[in-house]
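Note that the coordinates shown come from a computational prediction; the quantities given were computed from them, not determined experimentally. Both ligands and their constituent atoms are indexed starting at 1 by order of listing.
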Amino acid sequence: MTTPQTILSGIQPTNQITLGNYLGALKNWVKLQQQYRCYFAVVDLHSLVTARGGGELAANSWYALATYLAAGINPAQACLFVQSHIAAHCELAWILNCFTWMGELGRMTQFKDKSVKEGANIPAGLFNYPVLMAADILLYQAALVPVGEDQRQHLELTRTLAQRLNKHCGQPLFKVPAPYIAPVGAKIMDLRYPHIKMSKTATHADGVIFLSDDADTISRKIKRATTDSGRDISYDPDNKPGVSNLLVMQAVLLDLPLAEVCSRYQEQSYGKLKSDTADVVVAALRDIQGKINTLLADRTSLRRILDTGSAQAQATAQQTLNRVRDTLGLLPLT
Ligand code: TYM
């Protein structure tokens, strides 16, 4: 029997997890966990860049862990851990920083977009963010990284760094990872402004469905979603981004081909599309929300899952880090 390949992915516990995170990432993790050796991290150090920490970060980290489990990640199959618990992430990030060019980081779209919002004091962490992400992935020798469309560029940089280090050191220190980006659902759009992606840090909470939203809030947000001019319902993200977004939500949540969902709305109104989409989202999240609350009420069990995951993650990460340290001539620890 061949050893399964490794997957690694993570979600930042900045604010609460959104429907975009669920459909673009988490739902795929659940599907993939049976075939791969999986590492799923709560990437709290990445959150520090913009959220600046505090009690809210801690609460969101527990919430993220509970959400992974409630969505169907099985801790007996996948290793669950918190990024900041494994010091090797920061150590490898520093090493990779020494092999990353300023120009490469300056070209990252997310850096360009987010730095505008930061005003005069742009945190250096925002600039170096993709290097820490590369360290997250490369430490575990991940072959595949299931993410949404917005992470494609970061993955490209990760691949470049893996190849650069492998070449510099004259040996395959790192597996060169590939992104896993689902053909449908990899870019869920904001309900209010359907030309931008749904984001945890959106200016208007009405455009974002948080996994913690109750049924009434979800229905209200979807029923008020911006739709497009014209009356026909078709999948056309360029000209009908609002309508297309709702069709995609249904297709992913119902596990149906987009064409089949579209065919249901041949002679239907936007109102019907919205109310059906609201029903589908509410029904899909109801079960997850119930489980999140139960899991959060039992911190001891969550802690146990983290302890097991951390020990496993620590062993794998340290193995890679030690090889990198040796190869680069850093003196052995003992
Ligand atoms: P984050 O926390 O912003 O997003 C987590 C995951 O959700 C996906 N996503 C979306 N997918 C579809 N539609 C959307 N509107 C949407 N918004 C977000 C993201 O693509 C991501 O897969 N840098 C990462 C976190 C990270 C990471 C890693 C990921 C840190 N280290 C290592 C993979 C591997 C991020 O910002 O995620």
- Task: Check Phe111 against Ile122 and note the closest heavy-atom contact, atom names and distance.
- Result: CE1-CG2, 3.9 Å

- Item | Derivation and outcome, ring-ring contact (aromatic ring centres under 6.0 Å, His included), residues Tyr140 and His89 | CA-CA 10 Å; Tyr140 298 88; His89 290 237; 5.6 Å; yes

- Is atom CD of Gln319 surrounded by more than 12 heavy atoms (other residues, nucleotides or ligands) closer than 6.0 Å? no

- Query: From Ile17 CD1 over to Gln12 CD, what is the distance, rounded to the nearest 0.5 angstrom?
  - Reply: 10.5 Å

- Message: Classify the ring geometry of His154 against Tyr129: parallel below 30°, tilted from 30° to 60°, perpendicular beyond 60°.
- Response: tilted

- Taking a hydrophobic cluster as the set of Ile, Leu, Val, Met, Phe, Trp and Tyr residues connected by side-chain heavy atoms closer than 4.5 Å, whether directly or through intermediates, do Phe40 and Ile292 fall within one such cluster? yes

- Message: As a test of reading the model: which residues have a non-hydrogen atom less than 4.0 Å away from ligand 1?
- Response: Leu8, Ser9, Gly10, Ile11, Gln12, Gly20, Asn21, Gly24, Ala25, Val43, His46, Tyr129, Met133, Asp136, Ile137, Val145, Val147, Gly148, Asp150, Gln151, Gly185, Ala186, Lys187, Ile188, Lys197, Met198, Lys200

